[in-house]
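Letters go in sequence order (proteins before strands), and every chain restarts at 1.
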2 protein chains.
Amino acid sequence: MADRSTQFEKALLGLRSLILEGAFEPNSRLPEVALSERLGLSRTPLRRAMDRLIEEGLLERIETGGCRVARFTFQDIIDSIELRGVVEGTAARLAAERGVPEALMAQADGILARIDSALAGEVDFDAYVEGNAAFHDLLAQLAGSPVIQREATRIRNLPLASPSAFLHRQDLLPDFQASLTRAQVQHRAMIEAIAAREGSRAEALAREHARLARQNLEYLTRTEPGLAPQVPGLALVSSEDT
Amino acid sequence: MADRSTQFEKALLGLRSLILEGAFEPNSRLPEVALSERLGLSRTPLRRAMDRLIEEGLLERIETGGCRVARFTFQDIIDSIELRGVVEGTAARLAAERGVPEALMAQADGILARIDSALAGEVDFDAYVEGNAAFHDLLAQLAGSPVIQREATRIRNLPLASPSAFLHRQDLLPDFQASLTRAQVQHRAMIEAIAAREGSRAEALAREHARLARQNLEYLTRTEPGLAPQVPGLALVSSEDT
DNA sequence: TGACAGGTTAATGTATACAACCTAGCGTCC
DNA sequence: GGACGCTAGGTTGTATACATTAACCTGTCA
């Protein structure tokens with residue numbers, strides 16, 4: 001996130017992808033030298049990337065040293081989405097309580113209009129995804145609090161909580177256009193609640209919005225079990241214990 | 001957190017202390033070599049510690065490279081406490097909704113009893129702080145979700161959100177024993193709400209509990225302005241802009 | 001006198017070498 | 001035969017050397 005096109009960035013993206021693709025056995029230890037050779041870089045940036053992935057919850061530290069791939073379940077994804085709704089709900093509530101500068105509300109309207117365009121007629125899926133990301137980034141800003149913004153953005157970018165983990169296959173939903181439209185209705189309702197200074201409603205709407213993502217995910221995994229390995233974050237999901 | 005008595009740990013604790021004590025000018029760049037010499041270790045563990053402190057929000061990365069001390073305000077501390085209440089509230093709500101194993105509830109009762117003892121008669125402040133930490137650690141576990149537990153613990157340990165940032169001078173409160181007793185009443189009410197499976201009430205109580213910490217902080221800074229430099233997290237607080 | 005170009009310095013990012021630790025396997029002793 | 005200890009191998013944690021890049025200063029030219 002910090003550096004562009006550095007070895008660290010390569011290590012971070014490469015290792016994260018490998019983990020989410022299920023390239024490693026859960027609970028398996030990750031030897032640093034072998035990994036660094038596999039990724040074509042030295043141990044220094046690799047270790048930095050591993051530290052970051054530990055923060056993200058994809059890896060966990062071993063007491064004796066080193067780290068291993070974390071075991072996570074479908075319920076962990078559900079919980080991550082719930083948490084995202086809670087934190088975004090807080091951003092929305094505080095924004096409503098404290099008020100939002102004109103300029104930011106105008107930006108919000110612009111983003112909503114962009115998403116409307118993406119949904120009009122034939123759905124422009126890429127444009128929707130882009131607009132959706134912009135909306136949630138802005139939502140994190142609306143409370144005017146660096147702390148809230150940081151944490152909301154952070155949790156939204158957690159691999160397990162990231163909408164992009166399944167959004168890219170949302171075309172498999174029974175009526176995916178209807179789902180996106182429903183999400184956009186919630187987007188607009190949130191902004192309206194914030195403008196109306198109704199904190200509780202804004203918070204509830206944000207939570208409801210996250211729950212929609214959860215329902216979509218549950219539907220996808222119920223009807224398309226074969227999809228799991230393709231969906232980052234679901235590759236390691238299993239029903240076994242510990 | 002991971003390693004004990006390693007150079008990394010020394011770097012993390014040392015640098016964090018220096019920042020919170022206000023040893024650096026806000027927005028000042030931190031040169032790695034000078035810092036590593038000052039802390040008596042090499043750049044490798046120092047850089048790891050700096051990465052961690054960036055995650056915690058005490059430092060921020062500079063586009064061109066390196067990092068500087070973050071500027072934070074009193075409002076940032078308020079927001080961090082608010083966020084802590086929200087996430088702990090979620091842990092409490094989910095625990096109530098999903099139910100908690102007998103063994104964990106028994107542990108909770110044990111901790112509550114320990115805090116009661118600490119408050120009986122002459123207040124044993126250290127024992128209270130220890131029991132309070134145990135309570136909040138357990139609260140993070142009650143939902144039975146590794147994700148919730150991770151994030152609740154993480155946010156609680158953020159320097160700006162940490163109760164220990166001002167708890168150690170809580171003896172300056174007008175009637176600090178009453179304040180601790182009120183907190184303990186809230187502790188017990190939370191556990192009872194969870195046992196009664198009342199999620200909304202449990203969540204509201206956790207938020208209320210965080211708000212008590214906020215009120216204490218506000219009182220302290222209002223009546224003892226000279227205390228600020230001694231209170232970690234307040235050293236860098238200022239009313240100037242950007 | 002001001003602005004631009006070139007060089008020099010110092011900083012970070014990266015690689016690698018070194019050291020301490022844990023683990024496992026084998027041999028010996030009880 | 002089993003258990004304890006020692007040694008060897010490998011892995012991580014740390015230090016340092018190297019390279020690359022950005023900033024700053026200086027000198028010259030317009």
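Rounding to whole angstrom units, CD1 of residue I62(A) and P of dT12(D) are separated by 9 Å. When the C1' atom of dT14(D) is taken as reference, atom NZ of K10(B) falls 11 Å away, rounded to whole Å. Atom CD of Q7(A) is separated from atom C1' of dC18(D) by 15 Å (rounded to the nearest Å). Put simply, CD1 on I54(B) is 9 Å from P on dG13(C), counting in whole angstrom units. One interatomic measurement links the two molecules: CD of E63(A) to C1' of dC21(C), which rounds to 15 Å at whole-angstrom precision. The CG-C1' distance, from D51(B) to dT14(C), rounds to 14 Å in whole Å. Between R68(A) atom CZ and dT11(D) atom P the separation is 17 Å, expressed in whole Å.
Using cut-offs of 30° and 60° on the angle between ring planes, the pair H209(B) and H136(B) is parallel.
Residues R93(A) and E82(B) are in side-chain contact: their nearest non-hydrogen atoms beyond the backbone lie under 4.5 Å apart. Here the side chains of L46(B) and L41(B) are in contact, with some heavy-atom distance below 4.5 Å. The closest side-chain heavy-atom distance from L158(B) to S80(B) is not below 4.5 Å.
Listed nucleotides dA15(C), dA15(D), dG13(C) differ in distance to T6(A); the shortest reach to its side chain belongs to dG13(C).
Between S42(A) and dA15(C) there is a side-chain polar atom (N or O) within less than 4.0 angstrom of OP1 or OP2.
Electrostatic pairing of R71(A) and E60(A) does not count as a salt bridge here, judged by no charged N lying under 4.0 Å from a carboxylate O.
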N/O-N/O pairs, protein side and nucleotides 8-12 of chain C side, under 3.5 Å:
{"unit_1": "dT12(C)", "atom_1": "OP1", "unit_2": "L30(B)", "atom_2": "O", "d": "3.3"}
{"unit_1": "dT12(C)", "atom_1": "OP1", "unit_2": "E32(B)", "atom_2": "N", "d": "3.2"}
{"unit_1": "dT12(C)", "atom_1": "OP2", "unit_2": "E32(B)", "atom_2": "N", "d": "3.2"}

What side-chain donor-acceptor pairs closer than 3.5 Å can you find for residues 142-153 of chain B, not counting sequence neighbours?
{"unit_1": "S145(B)", "atom_1": "OG", "unit_2": "D79(A)", "atom_2": "OD2", "d": "2.7"}
{"unit_1": "S145(B)", "atom_1": "OG", "unit_2": "V147(B)", "atom_2": "N", "d": "3.3"}
{"unit_1": "S145(B)", "atom_1": "OG", "unit_2": "I148(B)", "atom_2": "N", "d": "3.1"}
{"unit_1": "R150(B)", "atom_1": "NH2", "unit_2": "I54(A)", "atom_2": "O", "d": "3.1"}
{"unit_1": "R150(B)", "atom_1": "NH2", "unit_2": "E55(A)", "atom_2": "O", "d": "2.6"}
{"unit_1": "E151(B)", "atom_1": "OE2", "unit_2": "R154(A)", "atom_2": "NH2", "d": "3.2"}
{"unit_1": "T153(B)", "atom_1": "OG1", "unit_2": "Q149(B)", "atom_2": "O", "d": "2.8"}

